[in-house]
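Atoms within each ligand, like the ligands themselves, are counted from 1 in listed order. Worth knowing before you read on, the calculation uses all heavy atoms, side chains too, and leaves out hydrogens, waters and symmetry mates.
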Amino acid sequence: MPRVAGLCFGGDYNPEQWPEQTWREDAQLMREAGVTLVTVGVFSWSMLEPAPGKYEFGWLDRVLEILHDAGVAVDLATATASPPPWFSVAHPEALPVDAHGNRLSHGSRQTFCPSAPAYREAALALVSRLADRYADHPALAMWHVHNEYGCHNARCYCDTTAAAFRDWLRARYHDLDTLNDRWGTAFWSQRFTDWQQIVPPRTTGSYPNPGLTLDFHRFSSDALRALFVAERDLLHARTPGIPVTTNLISNGFTQLDYWQWAEELTGPDRLVSADHYLIGEDPTPPGAQIAYAADTARSLAGGGSWLLMEHSTSAVNWQPRNFVKPPGQLIRDSLAHVARGSEGAMFFQWRASRAGAERWHSAMVPHAGTDTAVWREVVTLGGHLRRLGEIAGSVVDAEVAVLLDYPSGWAAEGPAQPSVDMVSFDEVCRWHAALWRRGVTANLAHPSHDLSRYRLVLAPALYLLDDPAVANLAAYVRAGGTLLVGPYSGVVDEFDRVRLGGYPGALRELLGVRVEQYCPLPAGTTVALDNGATGRVWAEQATTTGADVVASYVDGPPAGRPALTRHPVGDGTAWYLGTRLTRPGLDRLLGSLGAHPLVPGLDAVRRRHPDGRSYLFLLNHGSTEVTAEAAGTDLLTGAEHAGPVTVPAGGVMVLRERL
Ligand code: GAL
């Protein structure tokens with residue numbers, strides 16, 4: 001964690017947008033609010049290096065001095081997310097190209113090709129200068145590499161990328177015969193006879209090759225990851241002991257394989273941090289959106305500490321309609337992240353911009369200044385986080401896991417699938433939201449992870465499974481675990497080739513089920529199950545080969561066939577669901593599998609220190625007060641509660657539980 005006592009509180013601080021006299025006022029206000037950490041310089045490359053090789057650090061020296069004098073620690077950005085205009089003019093070949101072959105212009109941010117040597121060289125030169133200059137600065141608490149890698153340039157289709165992609169493929173397949181076999185290039189006359197013939201999946205007349213496309217997504221994630229690793233290693237070498245992070249995007253961003261990124265972000269002097277913004281018009285309630293984001297970030301951190309690096313005090317400016325947060329939500333949202341393991345709450349950004357593309361984005365200091373409800377709530381939150389300092393370093397328990405695999409989702413959401421409605425990533429969120437509704441905190445996990453600590457493992461959508469993951473799931477069940485697999489899982493291998501002999505090829509044996517045909521349903525229609533549940537989107541023509549039938553289809557294409565099965569395997573049970581249950585049926589099924597609430601009626605999460613001290617977060621997202629069986633000292637008010645406790649509508653209680 002950054003060198004900050006207690007929890008982190010602050011946000012992105014962009015002093016370069018303001019005259020120097022504002023910096024002193026900022027420092028004063030940060031003290032007033034109890035700010036402990038700010039991220040400085042995320043988008044200041046053009047100010048730090050106004051011309052190639054000409055560096056200007058004087059202004060940053062003064063900013064760091066002022067912050068340090070005010071007792072505010074600095075998460076110093078490497079500023080490499082947005083190359084300055086001079087860079088793109090000097091290196092037009094480093095601008096990204098989209099799938100249609102259009103070279104993008106500079107003028108926004110992240111306008112570089114991840115494989116461009118010129119970008120890498122210029123970025124590392126800047127990082128090297130920053131590391132040398134600030135290595136021993138007393139304000140330096142953490143390095144903030146880049147910003148949200150891949151937010152705008154996750155995939156580039158230029159010729160430099162094509163060459164780098166071919167190198168990546170050579171390392172993966174060694175020879176073209178293997179590549180042709182894995183990609184099934186015999187189909188549609190796509191056989192490659194020279195590596196040079198291989199290009200990224202650029203716009204073409206019909207569907208691109210699925211194996212090529214999937215590998216291109218993997219390559220693209222790796223290309224950006226290599227940039228992160230290069231910056232990180234440089235910083236580790238020059239400033240040992242200073243933690244390094246990069247802020248991941250936890251808003252349903254699925255373009256990078258974050259499990260692989262997590263491996264680079266965990267371990268000594270590394271920290272997983274993540275940004276989260278509510279999607280105002282998403283029917284998923286804000287509490288569930290936050291729970292998914294925070295549970296993902298914590299799981300990427302291996303269940304340990306992570307930091308909410310950005311969220312908003314009120315409205316954002318990048319959705320079609322940007323809603324303000326009603327009173328109390330700023331605090332509740334922040335504490336919802338802290339409940340789920342964040343070591344604090346940080347915001348984008350400290351002071352609302354008067355100019356630039358994000359001038360309509362909320363901030364800790366609004367345009368209207370400090371005589372505002374937002375500022376008052378910011379100050380209250382600062383006090384709350386100070387009072388919660390003793391929870392720093394405690395971790396969250398979770399007994400249920402939801403499986404998520406990025407390449408599987410990429411493959412399943414490609415074109416020419418049985419049904420456009422068979423979304424993958426959203427289904428993972430939907431099952432997670434069902435757990436949240438039941439008051440259950442879950443981790444996200446990869447199918448190859450050690451699952452033995454979980455009582456229940458859910459696999460809502462695992463279209464693609466490789467053999468080691470299949471063996472891992474089977475071992476988990478055999479050892480006594482309960483696994484529930486959703487439809488259209490275990491269908492293809494890691495090259496997106498169908499596993500033959502009946503679906504779900506990889507899981508047939510474990511589930512004791514064999515499927516002959518998948519039966520997509522017309523949009524908006526449903527099928528009835530004989531246990532009263534309803535399915536939508538999808539059904540399957542299945543027969544059991546060892547599993548017990550728990551529910552069958554009453555109507556629809558597979559009428560009379562099994563829809564929900566259970567298969568005892570070793571000491572455990574493997575359940576299979578062949579349709580997408582609507583909400584009541586899904587909720588009931590999860591309940592019957594033992595997903596029980598920690599504290600009924602509330603969003604309740606427990607954080608625990610290794611020495612046993614434990615804290616119960618009780619969040620009431622509803623509009624009426626809730627009384628619940630819980631007891632302890634309320635850290636926010638100091639009140640002692642022998643139990644039961646009443647959490648007001650929209651309120652939060654954090655109880656230090658008695659040992
Ligand atoms: C994030 C980004 C910030 C800011 C914010 C606005 O994606 O890291 O720089 O743009 O969104 O919500």
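Atom 6 (C) of ligand 1 has H361 NE2, 3.1 Å as its closest protein atom, hydrogens excluded (heavy atom only). The nearest heavy-atom contact from the protein to atom 2 (C) of ligand 1 is E310 OE1, 3.3 Å. E148 OE1, 2.4 Å is the protein heavy atom nearest to atom 7 (O) of ligand 1. Taking atom 9 (O) of ligand 1 as the reference point, the nearest protein heavy-atom neighbour is R109 NH1, 3.0 Å.
Remark: ligand 1 atoms within the under-4.0 Å shell around heavy atoms of D275 are 8 (O). Contact atoms of ligand 1 toward N147: 2 (C), 8 (O), 9 (O) (distance under 4.0 Å to a heavy atom of the residue). Every atom of ligand 1 with a heavy atom of E358 under 4.0 Å away is listed here by number and element: 4 (C), 5 (C), 6 (C), 10 (O). Less than 4.0 angstrom separates some heavy atom of F43 from each of these atoms of ligand 1: 9 (O).
In terms of modelled atom types and a separation under 3.5 Å, the side chain of T372 and the main chain of W375 share a donor-acceptor contact. Judged by distance alone, with hydrogens and angles left aside, the side-chain atoms of S221 form no donor-acceptor pair with the main-chain N or O of R218 at under 3.5 Å.
Cation-pi geometry between R62 and W23 is not met at under 6.0 angstrom from the ring centre and within 45 degrees of the axis. With W168 as the aromatic partner, R225 does not meet the cation-pi criteria of under 6.0 angstrom to the ring centre and within 45 degrees of the ring axis.
Checked for salt-bridge contact, R340 and D603 meet the test: a charged N lies under 4.0 Å from a carboxylate O. Look at E25 and R351 and you find a salt bridge, because one of the NZ, NE, NH1 or NH2 atoms lies within 4.0 Å of a carboxylate O, short of that distance.
Taking the six-membered ring for Trp and the full ring otherwise, the centers of F57 and H137 sit at least 6.0 Å from each other.
Relative orientation of the W360 and H367 rings is perpendicular, given thresholds of 30° and 60° on the angle between their planes.
Under a 4.0 angstrom heavy-atom cut-off, Q349 registers as lying outside contact with ligand 1.
With a 4.0 Å heavy-atom cut-off, ligand 1 is reached by no atom of V42.
Across W318, F253, Y277, heavy-atom proximity to atom 5 (C) of ligand 1 is greatest for Y277.
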